[in-house]
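Some notes on the structure that comes next.
Quick note on labels: first sequence line is chain A, next is B, and so on, each numbered from 1.
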Amino acid sequence: MLQELSWKVGGQQGEGIDSTGKTFATSLNRMGYYIYSYRHFSSRIKGGHTNDRVRISTSQKGASADFLDILLAFDQETIDFNGHELRSGGIVIGDAKFSPVLPADIAQGVRLFSIPFTKLAEQSGAAIMKNMVALGATARVMGLEPTFCAPVLQSMFGRKSQKIVDQNLGAVQAGYDAMSAEGGDFPEFQLSPPVPDKHLLMIGNDAIGFGALAAGARVMPAYPITPASDVMEYLIKKLPLVGGVVLQTEDEIAALNMTIGAAYAGARALTATSGPGLSLMMEALGLAGMTETPVVIVDSQRGGPSTGLPTKHEQSDMFAVLFGNHGEIPKVVLAPSTPEECFYATIDAFNYAEQYQCPVILITDLALSLASQSVKPFDYDAVTIDRGRLATAEELAQTEQGQMFKRYERTQNGISPRSFPGQKGGIHHVTGVEHSEIGRPDEIAGNHTAMMDKRLGKLRNIELPNSVTYTGEANPDVLLVGVGSSAGPIGEAVARLNQEGLRIGHAHVKVLSPFPVKTLQSYLAKAKQVIVAESNGTGQLLQLMRLSGLMHAEMSSFLKYDGTPFLPNEIAAQVKGSMLAWQR
Amino acid sequence: MLQELSWKVGGQQGEGIDSTGKTFATSLNRMGYYIYSYRHFSSRIKGGHTNDRVRISTSQKGASADFLDILLAFDQETIDFNGHELRSGGIVIGDAKFSPVLPADIAQGVRLFSIPFTKLAEQSGAAIMKNMVALGATARVMGLEPTFCAPVLQSMFGRKSQKIVDQNLGAVQAGYDAMSAEGGDFPEFQLSPPVPDKHLLMIGNDAIGFGALAAGARVMPAYPITPASDVMEYLIKKLPLVGGVVLQTEDEIAALNMTIGAAYAGARALTATSGPGLSLMMEALGLAGMTETPVVIVDSQRGGPSTGLPTKHEQSDMFAVLFGNHGEIPKVVLAPSTPEECFYATIDAFNYAEQYQCPVILITDLALSLASQSVKPFDYDAVTIDRGRLATAEELAQTEQGQMFKRYERTQNGISPRSFPGQKGGIHHVTGVEHSEIGRPDEIAGNHTAMMDKRLGKLRNIELPNSVTYTGEANPDVLLVGVGSSAGPIGEAVARLNQEGLRIGHAHVKVLSPFPVKTLQSYLAKAKQVIVAESNGTGQLLQLMRLSGLMHAEMSSFLKYDGTPFLPNEIAAQVKGSMLAWQR
Amino acid sequence: MATVKEFRNNVRPNWCPGCGDFAVQAALQRALGNLNLEPENVAIVSGIGCSGRISGYVNAYGFHGVHGRSLPIAQGVKLANRDLTVIASGGDGDGFGIGMGHFMHAARRNMDMTYIVMDNQIYGLTKGQHSPTSAFGFKAKTTPAGNIENAISPLQIALAAGITYLAQGFSHDVNQLTELIQGGIEHKGFSLINVFSPCVTYNKVNTYEWYKQHVVHLEDFPDYNTADRSAAMAKVAETDGLCTGLVYHDDTRKPFDQLIQGYKPEPINAQNLTLEREMFDKVMEEFA
Amino acid sequence: MATVKEFRNNVRPNWCPGCGDFAVQAALQRALGNLNLEPENVAIVSGIGCSGRISGYVNAYGFHGVHGRSLPIAQGVKLANRDLTVIASGGDGDGFGIGMGHFMHAARRNMDMTYIVMDNQIYGLTKGQHSPTSAFGFKAKTTPAGNIENAISPLQIALAAGITYLAQGFSHDVNQLTELIQGGIEHKGFSLINVFSPCVTYNKVNTYEWYKQHVVHLEDFPDYNTADRSAAMAKVAETDGLCTGLVYHDDTRKPFDQLIQGYKPEPINAQNLTLEREMFDKVMEEFA
Ligand SMILES: Cc1ncc(C[n+]2csc(CCOP(=O)(O)OP(=O)(O)O)c2C)c(N)n1
Ligand SMILES: Cc1ncc(C[n+]2csc(CCOP(=O)(O)OP(=O)(O)O)c2C)c(N)n1
Ligand code: SF4
Ligand code: SF4
Ligand SMILES: [Mg+2]
Ligand SMILES: [Mg+2]
């Protein structure tokens, strides 16, 4: 019996590929399996190849599998594009309607089944249910009950009409039966029973939205953009329930400036964007830094530069996030690597923003933002809200008539008390111009130096907790360093390699600013060789390490920038290759 | 007799301080002296202290002097603010009108002269001529003829009316006479006669404007901002003479996008901005990189972050220029250090832009953009125009009917032929989306990698000529590394220290991208200690060196970020101090 | 209760003597005083320009943002705390040049706030370039041969954007200006008060004298109906935009802030931020 | 001479079947063909959105820029080469949302070019959020409880900005649309053709049927004078913006490109770039 199985469904955009994958994944997640599901889609609405690759496993996985076991195809293109991913002995189930054939480059022993998806769907009530037929065929192969997706279908369509539910279930059954008619069982596709464990299935963006809700966010001005829009679309459903508001602005410039206004006035506020919007936010980002306004910005990276590859994975905006605004400001940049971490990092983001009174950027990548993953239920008690250094009633009362509140008081740690409009005794001025302790423009030479030190000092020589996670060998021959969603594939590769007897370590960076130099230094010191794996063309993480003074005699980049995330075996192969090269 | 003299005039903004300094400096420049003149001003139109500090020398200087010899004051504030800069034995000449007094913190032996500037001006015709009276007093002290500024006054007012010229000259004479009446000569303020050498007096921004004109620039869309506006204001007078156009756009986003449009359509085009505008240009900058459109962007740095210190010097936008746009593009970043270099670098900028088909950013700082300096006349024959790889008539003719031109052909060096709208056979598509050789969107994984390599490869492993200049000791105990306008103060400090017998070297970086790693490495390798001097709070140049793999066991930052440029003796003191610290 | 005095602070404006902006400041302070508002309940958000300095010259919460973005910031402030009286302000370049998009959208969005533009038909702070309201043919630093762009009409575009309160004042008439600003603040929705606020240093054409000669007062047209949008459009066109007074007023529309789904009377910034465990669990369950 | 055929290329548009943008593409190709233009002398600049793809679907020089910036790019193209026929185009979000500021300024600047907006009252490419032209109350992904912002009226704001050629078409009527686009191209100045171009996938309210029911044709008003700006304003208001045909046309004003100081008939990109030594020396002497 298998511990995991890899399945893919493909067809044309707009054909319901998404919902097929979703029904499948959600059903298996409810059964207790762990899911990792990654969609391939393109920047058009209807037409064009799309697919959903679902990995079902008895333990948690953070990456797509290296190979496919089962491919469901709604057109020949799906087979032609994806067939090479099938392991030998895998199977293709295609809609008989397009008379599927296997291409030449297919692995040995791959079998093709032609099942009349569309026809059976029509017989069950409507052609659009061909997806259900396909799911039924899958169930048969995997040895699942034909009713495995009944609960999910019930919650999807139950409120609309029971008839639809029944029709769909009928279609599933029809697919199941048709596959049965092909004869034989498929013992090599049977999954071990799941560990009975409850988990949630969500994309990183959902976790961020939920995290923001839990953190007390109340205002979200934002502008739609792939792959960040989901955060806004999630919160637009939730914030009104708690008296908050999502506002779709005219552009990203307005979005961040409005976020600044709301945060200044006392609300917890966030915005979310991706590369092009991030570029447009640079001026406002500097304003937030200069005015010490606690805003949270979610940046979900996609393929760049420019409009780039809007629906593809990349990690090429780290430098823009860290260095893009003119002038120098303190900022916290959190880089979670799983939906679970997205949730907690979002809560941290709001707390850090108010504790350090500076912008916090939560950076994700497309794979993290959009891949559906099984995660442990979140811990209510782990959610804390710390609003940082707020002016107390006594302090406000002390402000003399006609005097301004020292919003930018130069304190030991650079953090000053905040007052909000509406508070008597808290009146002060705020400006992006260099200013005095009460916020008035002040161009005197000494003041600028002092205020620069105040602001930059807030994060100087600080390492935030859990800035790096480490797994694997403590004194490794090869240390892999990564950031973002690659925690999954790197972690898996490392576990595999260590099982093979190699000595490999894995340091995953979770905070890009303040950069955890000391911790990384300690790991680097123990490694013979270092490979920094990232999804971009210039090796930004490695450059960031070097810039921070982190050196290692044998440090190299492993870069992938074709728009797809790393697979575990790509990492493993690179490690092995470079161990060889190095030993030579 | 002095080889140099340092003079300052100060008063309220709007009182004509600028023109006093300008008349003075221009007159002495015409006499053959070398001038370095730096204005202190603030972000308001009338009122507030302003001053113009002019260094007159028999040889070329690129920095303000460490101390003042003469201070002309139109108000007491001027003396209070600037008095401490006077060397012992210096003099203050104040308008009797405000009954000037010397403050307590003044150097020993400083003398104060109270001359009725305003009264004498009124007697000469109008109070506004008090500046001329002050210049006359200065002339007397320095042993200049009272007519020393006659040619300049003639060209300033001659076309208006001879009467004004004569009145002004009368006022100068009155000041001269009044100073004479104070009795005695001032042998300690006599300058050696100048080497009879012709030079021009200009600010860096003028040199950029002139350079753009000489380089064949024809379109400049821009939005006003200190300290970049002069470039636009210069070209608006010149471009119409050659059939070109300057257009004041609605914002900086429009400015750069319009520049892109013009460059795409075949014109040499540029825009100019400073920090806030730069931040707004990030998205368009990425577009220029992705579409391989040759635009030239002038970024004149001022105090940041945010609105910051709009009229003060800083070098804190280097990272934004290098890394600010999301995604990864090739770009050339030139950093001239004198007006002369500004001129030639601007010409280079247009050539590089078209040779490498990428955005070129010419980065300056406020001191470089705005300080008036004497420069050698420019060499007409050194101006070349190289439009790079344009499609030939034969190539265009080869395009078959219904076929598109391969504007993004993948060639060995990554540089493809350009065709312009209007050219038959050159039709192609341009997009910020990842694209094929004919410019059509193409999301296939392999294509993105190949195109990223094509674009980034254009500048990989390349060092542009004259990327670093080196002076001083070849095997120095201390190597100073700088960028931008600090070439003057660092160069002067190094010369002085070497004369004192220390072994100091000076490497000045003139190109920030592609970063001249090899050349710098060779200099670093020969130095015992390295000090990177820059005008910002985080040491961006040093970080850039580290990021590029440049390491040195004894490398430190010398940072100044109070809004004023380095003075030679500040550099010298730092060098001496760190030599001591290091030897200990 | 606060009076005009409470809205004064100890800062000496750094405007040039005679600048029109002094009158705008005075009128704003008077309007706030007349309305008996408390300084701490007023937030003034401004852009960058000579005009933008105004947020530092009134005793109230002041936010001097970046160039052209006063309206997005101000809207954020209002969203977070709808109990505040929110004023946005800045110059013609700030508001109708770089900030044009935000203005049009703020007008149609109709949040309850007041926008005051100090329109001097020039870029003051950057020393005299032409602005979007500079007339065709106007000579400025950047138009030495005369402006070849047509001027924006703030009143026309405001009406076209669907503004609900529109007025125009003139720095010479502080009383009228005070009233117009007061009306804007009292109006429940987005209001624009465009003010002819002469730049005595750089604009030698549109001087106090020039405006005095060219401006007509809407009060002089007793039949003029400020509730009639077409009439307003026509009057603005007829007077070439040179009319002062209340141009248009629509008090039938609810402001954005009251239309928000799940609107609660208590302002957002006063809410308890803790998510109840029950709701937490319910939301989490949706992912199961 | 080129005909409509020359403006076709071999790319299959990736719009959804039935999308209104197909008709816009066809009308544009026909208009270009009817005017006997050569493909190489036409530059089509577009923004980002489903609509923005149009620059890749016409055989001509095409520039697909970034979101909301087609007009600045197009103006740059025109400045560099005024012999080109320059078309800018994109969606309602692209042009009237993020691009609003550029639109207003392009209209008043009045360069000789044609702007075609495919107005589907929705954000198509990002999957169905409301747009600036979405009606009050409209339900979209981002307005589940109904839009609480008032829609922009493209025609009103264009008139207010001082546009010199204004028309509105509907994807259902390719013949009329072709004529309107053709008129815009022939017009010497900035023209907007706003097109009701239904999004069949995400906008289930403003469908072909809906437009057919609501749209009035200006040709049906024989007295309507397209040269009368006030009449245009009134008609647009009266029809709630739902009129098609030529709305306004002012052919008395010279376009920007002809007013440029030092204007030369030869386009900029055809000039010899070398600065004569004499001028070089003269300019240099100014710094002595
Ligand atoms: C992004 C950006 N671009 C340019 C500037 C420079 N700048 C400051 S104020 C201003 C224009 C001022 O004109 P206006 O808004 O009319 O205000 P006024 O000074 O006339 O009151 C400009 C262009 C800036 N601060 N930020
Ligand atoms: C700066 C930036 N922000 C956001 C996006 C994402 N985006 C792409 S198209 C689009 C809106 C599309 O709407 P519209 O302009 O109406 O075009 P349509 O798809 O409806 O034709 C958005 C928000 C982007 N590409 N760039
Ligand atoms: S420059 Fe003009 S707008 Fe600015 S303060 Fe002076 S008068 Fe006022
Ligand atoms: S989503 Fe709408 S606008 Fe986009 S192609 Fe489909 S129908 Fe057209
Ligand atoms: Mg102005
Ligand atoms: Mg649209």
Side-chain angles (χ1 to χ4, degrees), chain B residues 30 198 200-202 206 210 213-216 218-219 221 238-245 247 249-251 253-255 257-269 283-284 287 291 377-378 380 383 385 402 404 420-433 439-441, chain D residues 9-11 38-43 45 48 53 55-56 59-81 83-84 86 101-102 104-105 109 256 260-264 266-275 277 279-281 283-285 287-288:
Chain B
R30 285 209 190 159
K198 176 170 178 157
L200 318 170
L201 183 63
M202 59 171 67
D206 288 338
F210 188 9
L213 182 70
R218 285 292 180 277
V219 178
K238 299 301 177 203
L239 284 191
L241 305 176
V242 293
V245 59
L247 193 155
T249 53
E250 55 273 26
D251 60 20
I253 296 176
N257 278 289
M258 210 179 279
T259 307
I260 290 172
Y264 153 75
R268 285 196 148 188
E283 195 196 18
L287 178 66
T291 58
F378 301 144
Y380 180 77
V383 178
I385 293 180
M404 301 259 270
F420 301 128
Q423 289 182 327
K424 202 174 159 73
I427 289 180
H428 61 274
H429 191 241
V430 174
T431 174
V433 174
R440 293 218 174 112
Chain D
N9 64 17
N10 56 359
V11 185
E38 297 296 338
E40 64 266 21
N41 293 328
V42 175
V45 182
I48 303 288
R53 288 296 183 113
S55 59
N59 187 44
Y61 278 89
F63 197 122
H64 182 230
V66 284
H67 190 37
R69 318 301 172 190
S70 65
L71 285 172
I73 296 173
Q75 290 170 86
V77 172
K78 187 72 188 180
L79 282 178
N81 186 349
D83 284 354
L84 297 175
V86 177
H102 304 308
M104 299 298 281
H105 289 287
R109 195 171 286 135
F256 182 95
I260 292 171
Q261 192 196 355
Y263 171 82
K264 290 182 181 174
E266 75 192 311
I268 280 175
N269 77 328
Q271 293 176 7
N272 172 8
L273 299 188
T274 306
L275 191 67
R277 187 185 283 271
M279 180 156 176
F280 183 93
D281 288 340
V283 169
M284 193 158 68
E285 201 50 39
F287 293 109

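Nearest heavy atoms, B:Ile427 versus D:Tyr61: N-OH, 3.4 Å. Nearest heavy-atom pair, B:Leu287 versus D:Phe63, reported as atom, atom and distance to 0.1 Å: CD2-CE2, 4.1 Å. The two atoms that bring B:Ala267 and D:Ala80 nearest to each other are CB-CB, 3.7 Å, heavy atoms only. Of all heavy-atom pairs between D:His67 and B:Glu283, the closest is N-OE2, 4.3 Å. Residues D:Asn272 and B:Arg218 come closest through the heavy atom pair O-NH2, 3.2 Å.
Between B:Phe378 and D:Phe280, the ring center distance fails the sub-6.0 Å criterion.
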Taking it one step at a time, do D:Met279 and B:Leu241 satisfy side-chain contact (heavy atoms from CB on, under 4.5 Å)? CA-CA 10 Å; D:Met279 180 156 176; B:Leu241 305 176; 3.7 Å; yes
Check the pair D:His102, B:Ile253 against side-chain contact (heavy atoms from CB on, under 4.5 Å), reporting the backbone distance first and the verdict last. CA-CA 9 Å; D:His102 304 308; B:Ile253 296 176; 4.0 Å; yes
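Across D:Gly101, D:Ser55, D:Gly262, D:Ser70, the residue that shares the most heavy-atom pairs under 4.5 angstrom with chain B is D:Ser55. Comparing D:Ile260, D:Leu79, D:Val283 by heavy-atom pairs within less than 4.5 Å of chain B, the highest count is held by D:Val283. Ranked by non-hydrogen atom pairs under 4.5 Å with chain D, the options B:Asp251, B:Ile260, B:Val242, B:Val433 are led by B:Val242. Ranking D:Glu285, D:Arg53, D:His105 against chain B, the residue ahead of the rest is D:His105, based on heavy-atom pairs under 4.5 Å. The candidate with the highest count of non-hydrogen atom pairs below 4.5 Å against chain D, out of B:Ala284, B:Ala215, B:Gly402, B:Gly426, is B:Gly426. Contact count versus chain B (heavy atoms, under 4.5 Å) is highest, among D:Gln271, D:Gln75, D:Glu266, D:Lys264, for D:Gln271. Of the residues considered (D:Ala270, D:Pro39, D:Ala60, D:Gly68), D:Ala60 shows the highest number of contacts with chain B, using heavy-atom pairs under 4.5 Å.
Note that OH of B:Tyr264 is 10.0 Å distant from CD1 of D:Ile73, once rounded to the nearest 0.5 Å. Between the CZ atom in D:Phe287 and the CG atom in B:Leu201 there is a gap of 9.5 Å [rounded to 0.5 Å]. Rounding to the nearest 0.5 angstrom, the gap separating the CZ atom in D:Arg69 from the CG atom in B:Asn257 is 6.5 Å.
Contact of B:Tyr380 with chain D is made through backbone and side chain together, with heavy-atom distances under 4.5 Å. Only the side chain of B:Leu247 comes within less than 4.5 Å of a heavy atom in chain D; its backbone stays farther off. Of the atoms belonging to B:Ile385, it is side-chain heavy atoms, and not backbone ones, that fall under 4.5 Å from chain D. Proximity to chain B is limited to the side chain of D:Phe256, based on heavy atoms less than 4.5 angstrom apart.
When side chains are defined from C-beta on, B:Glu250 counts as touching D:Arg109, because their heavy atoms get closer than 4.5 Å. Considering only heavy atoms from C-beta on, B:Gln423 stays 4.5 Å or farther from D:Glu40 through its side chain. The shortest distance between side-chain heavy atoms of B:Pro377 and D:Met284 falls below 4.5 Å. Between D:Asn9 and B:Arg440, the closest side-chain pair of non-hydrogen atoms falls below 4.5 Å.
With sequence neighbours left out, the side-chain contact (heavy atoms from CB on, under 4.5 Å) criterion links D:Asn81 to D:Asp83, D:Leu84, D:Pro267, D:Asn269.
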